[in-house]
Protein chains: 2
Amino acid sequence: MFGFRDIEIIRSVVRYGGFRAASDATGLAQSAISRRIRHLEDRMGITIFERDGRGVRLSAPGRRLCDEAEILIAQRDRILGELTQGVMAGVVRLGVAETMTHTILPRLLTNLGQRHPMLRFEISVDTSDQMGQGLKDDTLDVVIMLRDQAPRGIALTPVPPVTMGWFVSPSHFTLPDPADIDDLAALPIVSFPKTTSPHRKVLQLLTPGRRQPATVHGSASIATMLHLVRQGFGIGTIPHSIVEAWPHPMLREINVRPKARLPDLEFGICYDAERNGEIGREVARAALEINPI
Amino acid sequence: MFGFRDIEIIRSVVRYGGFRAASDATGLAQSAISRRIRHLEDRMGITIFERDGRGVRLSAPGRRLCDEAEILIAQRDRILGELTQGVMAGVVRLGVAETMTHTILPRLLTNLGQRHPMLRFEISVDTSDQMGQGLKDDTLDVVIMLRDQAPRGIALTPVPPVTMGWFVSPSHFTLPDPADIDDLAALPIVSFPKTTSPHRKVLQLLTPGRRQPATVHGSASIATMLHLVRQGFGIGTIPHSIVEAWPHPMLREINVRPKARLPDLEFGICYDAERNGEIGREVARAALEINPI
DNA sequence: CACCGCATGTTCGGCTTTCGCGATATCGAG
DNA sequence: CTCGATATCGCGAAAGCCGAACATGCGGTG
């Protein structure tokens with residue numbers, strides 16, 4: 001077993017060419033260096049320095065130890081520096097609602113990566129309620145999620161709203177132009193998962209005054225939603241930005257009356273201000289910078 | 001500043017979920033863990049664990065420290081294991097005569113690499129006298145060099161001899177068939193550097209009984225020797241294996257009388273048995289394995 | 001060739017600092 | 001109030017360091 005102190009001393013001996021010179025450099029007595037290295041050699045059962053009457057030279061295993069130890073020390077110093085000088089570094093566990101992966105996320109990560117090259121991201125895509133839980137039990141550091149599903153006591157910075165539209169495959173369904181609520185509610189609907197607020201809002205929009213509740217399917221995968229709508233499984237509530245990113249000839253937006261319009265999705269950047277205030281504020285800053293409100 | 005012990009303890013606390021549980025796991029008293037971590041936090045000026053009445057949780061910088069420390073500990077254990085269990089690992093500084101780079105070196109390295117995957121090679125190509133010096137002043141671990149130039153007190157394992165031939169560009173020079181010593185000595189000759197024994201042997205071969213010493217140029221680069229011979233700068237003394245590796249229509253071997261034949265090059269694997277016996281023997285073993293004598 | 005100074009590493013006794021233990025105080029949640 | 005957790009404190013053991021004395025090799029000098 002060896003410690004950082006041991007290998008620092010070995011490095012000094014190698015660098016300055018002897019125990020005596022190293023003792024000047026390290027501020028230790030020469031005897032202390034001699035004794036430490038001898039003890040280390042005994043503990044590890046290897047020879048690190050070969051001695052003869054006029055000095056010391058590294059042995060083969062000593063040189064190996066020294067080579068590797070150099071890296072170890074450098075890493076410790078880097079860690080130490082990053083931690084004490086407040087450099088943004090390490091792993092950020094970032095949770096993202098899928099819609100965001102097609103809008104601000106790429107630019108957000110680019111911006112953060114440029115400003116903080118030592119930062120690494122661990123990105124999960126999940127439903128907002130799951131990620132809200134992650135924030136609370138400290139399995140996620142920062143989450144970009146639906147604002148109205150953010151847990152209590154969590155810092156929240158809004159990002160620009162995402163507009164929604166009704167989409168249909170024209171070869172499977174025909175609708176009046178403009179369509180009204182009842183026209184939409186008569187068809188199967190594909191929306192977000194039922195644990196999310198947009199799903200509930202769709203239900204609320206369609207249900208009032210109707211005896212038969214609308215059929216609303218939920219999907220946590222936007223790609224799946226698109227496929228289902230294209231294949232005529234139903235009509236979909238989909239962010240405009242998604243359709244722009246993946247345009248498809250089988251997909252057309254339905255023109256609806258004002259009362260049937262879908263509300264915008266309101267996302268926000270959420271984090272525990274106590275625990276992750278620093279990185280959270282930085283993510284919020286980056287979001288503002290790439291997409292000023 | 002933190003030591004291995006510190007981060008091992010932190011890891012225990014994280015892994016077992018608290019100071020008390022970690023104290024059982026590490027065999028330390030709970031008070032010792034508490035005090036050590038507090039001192040560490042004071043020294044580094046950061047909070048590693050957030051405490052409240054019912055336990056501890058990692059803070060953000062604490063998690064970073066813990067993540068990075070895990071890697072540090074793993075590396076230390078790897079180094080320790082390799083050193084104490086005699087695993088062949090680390091960097092081997094290997095010196096090679098250029099001729100060998102075209103003969104046994106590739107297979108030698110392949111063999112060694114397969115048997116000792118943790119080994120890294122740092123290969124230098126130089127003249128044998130230079131590398132002999134490198135062996136003595138411990139800037140090279142193992143050298144494949146001309147046997148007769150190996151320093152004293154160095155372990156030496158022979159490798160199969162390399163046969164030499166006289167080569168010429170037929171469009172520039174015409175020679176009798178077979179050629180005799182005087183025919184060769186009348187032309188400019190391109191050979192190895194004049195510090196090497198093959199160069200001296202060429203001189204000895206050509207000089208006896210001649211009033212005018214032969215003109216022998218030296219080159220430490222075999223590629224240059226080949227170019228010079230091809231361009232008619234002179235005739236060359238070149239290993240057969242080199243010409244086989246780089247065949248060229250402008251290059252033809254001269255048929256010479258027995259007395260004008262060049263002696264074989266005798267190479268050997270050299271190393272300091274004291275310092276690098278282990279790896280040296282292993283290189284010798286590999287050489288025998290790929291090319292049994 | 002013997003001697004002596006110089007430089008280097010080693011060993012040893014004594015002292016300081018670090019570290020751990022055990023008992024006890026303290027704190028928050030149920 | 002009690003339970004389960006961490007914090008604090010005094011004591012003692014161990015590790016680590018220092019300085020001095022000692023051993024060894026090299027090179028200059030008479």
Side-chain angles (χ1 to χ4, degrees), chain A residues 1-44 46-59 62-63 65-66 136-138 152-153 272 274-275, chain B residues 1-59 61-63 65-66 136-138 153 274-275:
Chain A
M1 197 60 55
F2 59 92
F4 284 116
R5 202 73 215 283
D6 295 313
I7 57 187
E8 280 171 346
I9 290 173
I10 291 175
R11 185 179 60 169
S12 266
V13 173
V14 172
R15 185 166 295 170
Y16 297 103
F19 288 8
R20 172 147 227 95
S23 89
D24 295 339
T26 58
L28 264 62
Q30 185 269 341
S31 66
I33 294 180
S34 174
R35 197 162 53 90
R36 257 196 105 115
I37 290 184
R38 176 157 301 283
H39 280 176
L40 182 60
E41 289 176 325
D42 292 346
R43 284 205 305 276
M44 296 185 63
I46 61 174
T47 304
I48 296 171
F49 289 102
E50 273 155 13
R51 289 96 156 153
D52 62 11
R54 65 184 176 288
V56 295
R57 312 181 311 280
L58 272 180
S59 72
R63 190 165 56 78
L65 176 60
C66 198
K136 286 202 290 188
D137 60 20
D138 189 33
R152 305 200 156 279
D272 181 322
E274 294 270 324
R275 180 190 308 280
Chain B
M1 197 62 53
F2 59 90
F4 283 117
R5 201 74 215 282
D6 294 313
I7 56 187
E8 280 171 347
I9 291 174
I10 290 174
R11 187 179 57 170
S12 263
V13 173
V14 171
R15 186 166 296 171
Y16 297 103
F19 287 7
R20 168 158 296 284
S23 90
D24 295 337
T26 59
L28 266 59
Q30 178 267 334
S31 65
I33 293 179
S34 174
R35 196 161 58 94
R36 259 196 103 114
I37 290 183
R38 175 157 303 282
H39 281 174
L40 182 60
E41 289 177 325
D42 291 347
R43 284 206 306 277
M44 298 185 61
I46 61 174
T47 304
I48 296 171
F49 289 103
E50 273 156 12
R51 289 95 156 153
D52 62 12
R54 66 181 178 294
V56 295
R57 310 183 310 281
L58 272 181
S59 71
R63 190 166 56 79
L65 177 60
C66 199
K136 285 202 291 188
D137 61 19
D138 189 32
E274 293 273 321
R275 182 190 307 282

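Each chain gets a letter, A, B and so on, in the order its sequence line appears, and its residues count up from 1.
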Checking the side chain of A/Ser59 only, and the main-chain atoms of A/Ile48 only, is there a donor and an acceptor separated by less than 3.5 Å?
yes

Using a 4.0 Å cut-off to any heavy atom of chain A, which nucleotides of DNA chain D are the first and last in contact, reading 5' to 3'?
D/dG16 to D/dC26

Under the salt bridge (charged side-chain N to carboxylate O under 4.0 Å, His left out) test, residues paired with A/Asp42 that sit two or more places apart:
none

Please list residues of residues 29-42 of chain A whose heavy atoms come under 4.0 Å from any atom in DNA chain C, ordered by number; otherwise none.
A/Gln30, A/Ser31, A/Ser34, A/Arg38

I need the residues from residues 2-16 of chain A with at least one non-hydrogen atom less than 4.0 Å from DNA chain C; give them sorted by number, or say none.
none

Work out which heavy atom in A/Ala21 is nearest to a heavy atom in A/Tyr16; give both atom names and the distance.
CB-O, 3.4 Å

Residues passing the salt bridge (charged side-chain N to carboxylate O under 4.0 Å, His left out) test with A/Arg275, sequence neighbours excluded, are A/Asp138, B/Glu50

Approximate separation, where rounding is to 0.5 Å, of B/Ser12 OG and B/Ile33 CD1
7.0 Å

Atom-pair distance (CE on B/Met1; P on C/dT18), nearest Å:
15 Å

Please give, in whole Å, the distance from C/dT10 C1' to A/Asp52 CG?
14 Å

Measuring from atom CZ of B/Phe49 to atom CG of B/Leu65, what distance do you get when rounded to the nearest 0.5 angstrom?
9.0 Å

Please enumerate all residues that pass side chain to side chain donor-acceptor pair (under 3.5 Å) together with A/Arg51, with sequence neighbours excluded.
A/Glu41

With sequence neighbours excluded, what pairs up with A/Glu274 under the side-chain contact (heavy atoms from CB on, under 4.5 Å) test?
A/Asp272

Side chain to side chain donor-acceptor pair (under 3.5 Å) contacts touching residues 17-40 of chain B (sequence neighbours left out)
B/Asp6-B/Arg36

With side chains defined as the heavy atoms from C-beta onward, is the minimum distance between A/Leu40 and A/Ile10 less than 4.5 Å?
yes

Over all heavy atoms of both residues, which pair between B/Thr47 and B/Pro61 is shortest? Give the atoms and the distance, please.
O-CG, 3.5 Å

Are any of the side-chain heavy atoms of B/Val14 and B/Arg63 separated by less than 4.5 Å?
no

Go through residues 19-28 of chain A and report each residue with a non-hydrogen atom lying under 4.0 Å from DNA chain D, sorted by number.
A/Gly27, A/Leu28

Can you sort out the partners of A/Phe2 under ring pair (Phe, Tyr, Trp, His ring centres under 6.0 Å), two or more places apart, ordered by chain and number?
none

Kindly say if B/Arg51 contacts the phosphate of C/dC27, meaning a side-chain N or O under 4.0 Å from OP1 or OP2.
no

